[in-house]
Structure formats: structure tokens, C-alpha cells
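Below, chains carry the letters A, B, ... as their sequence lines are ordered, and counting in each starts from 1.
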Protein chains: 2
Amino acid sequence: MTDNSKKILYKRITDLTEISVSSFDKLFEIANKREFTKGEIILRQGQICNTIIFVEKGYLRTYIDKDGKEINTDFTFEGNFTTNLKSLRSDTLSDTSIQAGEIATIYEFNKDKLLELYKVSVEIESFGRKLLEQLLIAKEEHTNLFKIYSPAERYRYLQSNKSEILKRISLSQLSSYLGIARETLSRIRKK
Amino acid sequence: MTDNSKKILYKRITDLTEISVSSFDKLFEIANKREFTKGEIILRQGQICNTIIFVEKGYLRTYIDKDGKEINTDFTFEGNFTTNLKSLRSDTLSDTSIQAGEIATIYEFNKDKLLELYKVSVEIESFGRKLLEQLLIAKEEHTNLFKIYSPAERYRYLQSNKSEILKRISLSQLSSYLGIARETLSRIRKK
DNA sequence: TTTTACCTGTGATAATCGTCACAAAATTCT
DNA sequence: AGAATTTTGTGACGATTATCACAGGTAAAA
């Protein structure tokens with residue numbers, strides 16, 4: 001494995017599950033490498049999502065359009081996966097868009113090809129299941145922020161537990177992700 | 001299949017995925033049926049969660065204790081699954097408790113036995129993956145409520161899209177689930 | 001470098017929401 | 001049925017937050 005990109009993906013997967021080189025190679029074979037400049041759209045709201053995306057470099061921003069205003073629902077940094085699962089699973093129109101937040105390199109995995117691999121390799125399906133587990137745990141933690149904490153407390157939670165996100169995401173992008181007005185977040189941060 | 005309980009579980013699984021009778025039987029063999037009266041604790045915060053729970057009858061309430069106040073993070077009605085995934089996966093102490101909200105009948109599936117079945121039956125692992133997909137989609141939808149909508153709008157969203165929950169969950173239990181003070185929710189509802 | 005576009009800070013103000021206190025209503029228990 | 005417990009409604013008030021408007025700053029583009 002001389003390809004450096006391949007290594008990043010391999011690391012991410014083996015961190016999650018045991019996988020043979022042959023299974024990994026099968027997975028890598030269906031990967032479609034793509035490059036984006038800042039601001040480019042990877043998935044557009046209203047389209048059907050048919051891929052799972054791995055971010056090798058840069059980060060992606062997932063957002064919903066609400067009355068012309070963009071509300072960020074997720075940020076995906078290098079070494080992580082994202083998609084619109086609802087659209088992917090049921091072939092319905094995606095209610096979110098995914099955009100490159102910086103110059104980004106991604107790998108796209110086609111859904112149908114992936115489902116074929118699930119049938120062929122138990123290891124790959126097992127990987128799929130474990131990835132979902134991890135995503136669900138992260139989502140639960142994020143949801144609970146809104147139930148347990150006030151806006152100011154949510155920001156402080158990120159400071160203590162997810163400082164990476166504060167370093168990379170601008171205040172105005174972060175505000176909708178935390179369900180706080182930009183101005184309020186600016187005032188919270190000043191303290 | 002004469003057992004009626006068995007049918008409810010069977011229906012839930014076959015709604016999600018194709019499964020052979022023999023795989024289903026393997027799953028049913030490891031199921032541990034238990035009954036609870038209203039208010040009884042099924043999983044206590046601070047314990048390690050090692051089962052996945054299927055609700056056959058009644059409903060369960062999942063909550064976090066915050067400074068002595070209980071904040072509801074989830075409700076699980078009959079025909080659905082719940083657990084504390086973080087605790088289950090990493091053998092760490094659960095930060096949530098799960099309690100019977102009514103007289104309830106549940107099936108518990110031991111984690112280790114389930115992992116064994118995943119190895120034996122591809123169908124069962126596939127079921128596990130699809131269940132996680134569904135849970136993640138539902139969680140994403142719920143999270144977005146907090147980012148997109150105001151408290152009043154969140155309540156109206158439940159009215160239109162999840163009316164079942166309004167019928168079965170009391171206002172005071174619902175308020176923390178929606179991140180709204182009980183009094184405020186009472187006033188919202190009056191309109 | 002200069003221009004342009006975007007991002008952040010800040011004041012003023014209004015709207016919303018949370019908290020406290022208590023009464024009324026509904027439900028459960030005996 | 002009657003008592004006890006829990007749930008819900010409501011007023012008053014204060015705290016927090018959203019919104020609007022605009023200025024200053026920063027970064028990207030020409």
C-alpha cells in the first residue's frame with residue numbers, strides 16, 4: 001500500500017473493525033476519488049443521494065435551507081464519513097445539501113455497489129454496521145446538548161469536548177449548528 | 001408460529017429486512033422476556049448496558065439525570081427497539097436510565113449472544129445494520145427540530161408528524177424531550 | 001495595492017422563554 | 001367514595017435571546 005490516500009481510509013476502517021486486505025481492496029476498488037474547491041456543492045437538496053462520502057482532506061458542511069437561510073446540521077472533517085442516510089436508504093429527495101468548506105478531497109462509495117459488497121463480504125457489512133453505531137452515538141450526544149444545556153452552555157461544551165470544531169468553523173457557520181443567533185454567539189464567546 | 005408475542009417481533013423485523021424462519025428462530029431463542037409495572041427501572045444510570053430491548057407492550061422512557069432533574073431523551077413504544085448504544089458498545093457506564101412508562105412487556109437481547117449470531121447469520125447482522133440506519137434517521141430528524149424550529153414550532157411539528165407521542169406522553173414528560181419548560185409548553189398547547 | 005465581499009462586534013429594543021409560587025384539575029390509591 | 005398524589009394551568013417577573021441596524025475588521029479577489 002504505497003498510496004497515501006489509501007492509508008487514511010485504511011486507518012479509519014481498521015480503527016473501527018478488523019478487516020482483511022482483500023476486503024479492504026474490494027472496498028477501495030469501488031471508491032471514486034473527487035476534488036472540490038471551497039464552496040462547491042457535492043450533494044444538492046432535492047437530489048437523490050446515492051453515495052457514502054469519505055473525507056480525505058478538508059471538511060464538508062451539511063445544511064438545510066430554511067426560508068432562504070442555511071442551517072448547518074453537520075460538519076464532516078478529514079477521516080470521517082457522511083451522507084444523507086434518509087435519501088440514500090429510501091431513494092427520496094435529499095432535504096440537505098453538502099458543500100466543501102475548504103478545498104477538499106473525498107472518496108465516494110456508490111450505494112448499490114456497497115450493498116453488493118455487503119453480500120460478498122461479511123467484514124464489509126460488519127464495518128457498515130459499526131460505522132452506523134458510531135454515527136448514532138455521536139448524533140445522540142449532539143442532540144442531548146439541546147435538551148440539557150442552554151446556548152451558552154452548549155458553546156462551552158464544545159470548547160471542552162470538541163475544540164477541533166471551534167478552530168475550523170467560523171462563528172457564523174457555527175451559530176446555526178448550535179441553534180444560536182450569530183450575534184448571541186459572538187457575545188457568548190467574548191466572555 | 002402460534003405465540004402472539006413472537007408475531008409482533010417477527011413483524012417488526014420483516015418490515016425492515018428479509019429474514020429466514022431459521023434465522024428468526026435463532027434470534028428468538030436468545031430473547032429474554034420480562035414484564036415491568038409502571039415506574040420500574042430497566043436500565044439504571046451508572047450501570048453497564050449489555051442488552052438491546054424490544055418493546056412488545058407499553059412504552060419506555062429514556063432519561064438523563066441533570067442536577068436531580070430528569071430530562072427525557074427518548075420514548076420507545078411497542079414494536080420498537082432501544083438501548084444505550086454508547087454503553088453497550090464500549091462497556092462504559094450508562095449516562096441514561098430506562099424506565100417503564102406503563103405496564104410493559106419487553107424482550108431483552110444480550111449483546112454478546114447477539115454478536116455471536118451476527119457471525120453465524122448474515123441475515124441477522126444485516127438486520128442489525130438496517131435497524132441502526134432507521135434509528136439514525138429518526139435521531140437526525142429529531143435533532144434538526146432543535147436547529148430549525150422554535151419551541152412552539154417544535155410542538156406543532158409533533159402535532160402534525162408524531163401525533164402518537166402527544167396522545168401517550170404527558171405534558172410534563174414531553175417538555176424536557178422538546179427542550180421547553182413545562183409551563184411554556186402548557187401555554188403553547190392552549191392555543 | 002486597491003477593491004470587494006464576507007465575517008464579526010455592538011448597541012438598542014422587543015419578543016420569548018424560564019422560574020417561582022400557588023391554585024385547579026385529573027389521576028391513582030386505599 | 002374519599003384521600004393522596006401527580007399533573008396541569010396561570011399570573012408575575014426577570015433573564016435570556018432574537019432581531020435589526022450598522023460599523024469595523026479581515027480575508028479574498030482583481
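- Separating the OH atom of A:Y149 from the P atom of C:dG18 is a distance of 18 Å, rounded to the nearest angstrom.
- In this structure, the CD1 atom of B:I169 is 14 Å from the C1' atom of D:dT7, given to the nearest Å.
- Counting non-hydrogen atoms of neighbouring residues, nucleotides and ligands closer than 6.0 angstrom, the CD1 atom of A:I103 reaches no more than 12 such neighbours.
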For nucleotides 19-29 of chain C, read 5' to 3', which letter fits each nucleotide if B means a protein heavy atom sits under 4.0 Å from the base, S means only the sugar-phosphate is that close, and - means neither? BBB--------
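- Going from atom CD1 of B:I188 over to atom P of C:dA15 covers 17 Å, rounded to whole Å.
- The residue A:G39 sits apart from the nucleic acid: no heavy atom pair falls under 4.0 Å.
- Counting to the nearest Å, the C1' atom of D:dG25 and the CZ atom of A:R189 are 13 Å from each other.
- For A:K113, the NZ atom counts as loosely surrounded, since its 6.0 Å shell holds 12 or fewer non-hydrogen atoms of other residues, nucleotides or ligands.
- Under a 4.5 Å side-chain heavy-atom criterion applied to ILVMFWY residues, the cluster that includes B:V122 comprises A:V122 as well.
- When the P atom of D:dT7 is taken as reference, atom CG of B:N72 falls 11 Å away, rounded to whole Å.
- At whole-Å resolution of the value, NZ in A:K191 and C1' in D:dT17 are 11 Å apart.
- For B:K190, no side-chain nitrogen or oxygen approaches OP1 or OP2 of D:dT8 to under 4.0 Å.
- If you measure from atom CD1 of B:I71 to atom P of C:dG18, you get 12 Å, rounded to the nearest angstrom.
- Remark: P of C:dT8 and OH of A:Y155 are 11 Å apart, rounded to the nearest angstrom.
- In this structure, the separation between CZ on B:F75 and OH on B:Y63 is 12.0 Å, given to the nearest 0.5 Å.
- Residues B:K111 and B:D91 form a side-chain contact, since some pair of their non-hydrogen atoms from C-beta on lies under 4.5 Å apart.
- Note: A:R61 CZ to A:T82 OG1 = 13.0 Å, rounded to the nearest 0.5 Å.
- Axis angle across the helix from C:dT1-D:dA30 to C:dT30-D:dA1, with five pairs used at each end and values rounded to 10°: 60°.
- Between A:S172 and B:I180, the one whose closest nucleotide on DNA chain C sits nearer the 5' end is A:S172.
- Within 6.0 Å of NZ in A:K66 there are more than 12 heavy atoms belonging to other residues, nucleotides or ligands.
- Aromatic rings of B:F24 and B:Y10 (six-membered ring for Trp) have centroids within the 6.0 Å cut-off, being under it.
- The two residues A:F36 and A:A100 have their closest heavy-atom pair at CB-CB, 3.9 Å.
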